[in-house]
Protein chains: 2
Amino acid sequence: MKMTPLHQEFVLHFGEMGSRWGINRTVGQIYALLFLSSAPLNADQITEALGISRSNTSMGLKELQSWGLVLRKHLPGDRKEHFTTPDDLWLIVRTLIEERKKREIDPTLSKLRELEMQGPGGDDYAEARIAELREMIEMMTEFYDDMARLETEKLVRLMTYGSRLAGLIDKVGGYLPSTKS
Amino acid sequence: MKMTPLHQEFVLHFGEMGSRWGINRTVGQIYALLFLSSAPLNADQITEALGISRSNTSMGLKELQSWGLVLRKHLPGDRKEHFTTPDDLWLIVRTLIEERKKREIDPTLSKLRELEMQGPGGDDYAEARIAELREMIEMMTEFYDDMARLETEKLVRLMTYGSRLAGLIDKVGGYLPSTKS
DNA sequence: TCTCAGTTTCAGTAATTACTGAAAATTCGG
DNA sequence: CCGAATTTTCAGTAATTACTGAAACTGAGA
């Protein structure tokens, strides 16, 4: 399992970026390795290619599977588990966004609602600020949900349409309430 | 500088979420405190409210300013520096997204382009995978750039339009190339 | 220009997170 | 159901990151 220079640089980059992406170095490297590999790899191959311990590989794969970014694959005639990334890049991106939303946004949205439930406590400014933040997050997550429901083909069409979208909306007519709450 | 229960819970939550958001606990707490405060606070007030060291406050504020999430504010008649978060939540969100893109996506886009520059090295699968990833990131960042350029009012209109956008595009006509590359 | 309130820097230390090897658990062919 | 192959868990340790106090620096008023 010797890596080509291309693999090496890619794997190293994902390792470095890992900490910024909220995963650790080896998890990033494992993902990178699987991403570039046309055939599924088993844990020993990953362990050897990255020069890490077998247990570290096991933990890394576990985390990546919990994210839905890596899939187990049984190869016939081999007792060992093998692993891949999904072929479809769009699926990967959808998964990534969904998981990050789940971990980074949803808990805060819940907390904000919970705080509002506790009713007014006298600090009008803080309460308004919290309500405003909650509304903003709701608007963005609802938009995200709508977009996530679209098939990829429509999503691509929409994204390629880019800034012209705004003009389009103008034309259709603005029956919507104004911006400021 | 005693915090109300509302402040406390909010600050604590931001502290806990900090690590998921790629900042540390105290940076999250400082931000939370400033976010809920109607008047700008000085470093000593922050230090006392959070029970952290003066130097920690200084470093946290420095980081938040580098993100553009916290602004210095000189109060007349007081020699101390004061700090606030921008009033406009949309501005805050725009800043957040822009900065995270800068830190988490742009370096990878550069790296991918760099790897492609190095020319074919024989691993067709890996090279195709990298090219596909680069194209995907380009499409998404270009879309983001388009959206970021819109005034907030239009952005709100667009987001509220949600899933109906897809139908809209259909109607206007699909002159665009098909999805699969 | 000197003073001093205020701020930043930084070396040392504490706290957290990542990684390892060994042992326990699981899985599957026989 | 047994036993070898494989995977997972976990306590201990290494590496990294966060935090502190003290010292250095800054800049406005006298």
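A note on names: the letters A, B, ... follow the listed sequences, proteins ahead of strands, and every chain is numbered from 1.
Comparing R25(A) and H82(A) by the nucleotide of DNA chain D that holds the closest heavy atom to each, the one mapping nearer the 5' end is H82(A). Taking the nucleotide of DNA chain D with the nearest heavy atom to each of R72(A) and M59(B), the more 5' of the two is matched to R72(A).
Listed by chain and number, the residues in a salt bridge (charged side-chain N to carboxylate O under 4.0 Å, His left out) with E151(B) amount to none (sequence neighbours excluded).
Bounding nucleotides for the chain B contact on DNA chain D, 5' to 3', at a heavy-atom distance below 4.0 Å, are dA18(D) to dG27(D).
Taken together through direct or relayed side-chain contacts under 4.5 Å among Ile, Leu, Val, Met, Phe, Trp and Tyr, M59(A) and W21(A) form parts of separate hydrophobic clusters.
Residue N56(A) is in base contact, counting any heavy-atom pair closer than 4.0 Å across all strands shown. Residue contacts shown for T26(B) are limited to sugar-phosphate atoms, with no base heavy atom under 4.0 Å away.
With 3.5 Å as the limit, one finds a donor-acceptor pair spanning the side chains of T152(A) and R94(A). Side-chain contact of R20(B) with T108(A): a donor-acceptor pair under 3.5 Å is absent, judged by distance alone.
Remark: K111(B) engages E114(B) in a salt bridge, criterion side-chain N to carboxylate O under 4.0 Å. With salt bridges taken as basic N to acidic carboxylate O contacts below 4.0 Å, none links R25(A) and E16(A). Salt-bridge annotation for K102(A) and E98(A): absent, with no side-chain N of the basic residue lying under 4.0 Å from a carboxylate O of the acidic one.
Atom pair R54(B):CZ and dG6(C):C1' shows a separation of 7 Å (rounding to whole Å applied). Distance, D44(B) CG to dG6(C) P: 7 Å, rounded to whole Å. In this entry the distance linking NZ of K80(A) with C1' of dG29(C) reads 16 Å, nearest Å. One can place CG of N42(B) at 9 Å from P of dG6(C), the figure rounded to the nearest angstrom.
Listed nucleotides: dT9(C), dA5(C), dA22(C). Nearest to the side chain of S55(A): dA22(C).
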### Message
Under the criterion side chain to side chain contact (heavy atoms under 4.5 Å, CB included), I'd like the reasoning laid out for T141(A) against K101(A): C-alpha separation, chi angles, the key distance, then a yes or no.
### Response
CA-CA 8 Å; T141(A) 54; K101(A) 171 177 171 288; 3.8 Å; yes

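In this structure, the helix from dT1(C)-dA30(D) to dG30(C)-dC1(D) shows an angle of 30° between the axis at its start and the axis at its end, each fitted on 5 base pairs and rounded to 10°.
Two rings, from Y31(A) and W67(A), have their centers 6.0 Å or more apart.
Contact annotation: K62(B) side-chain N/O to dT9(C) OP1/OP2 distance is under 4.0 Å.
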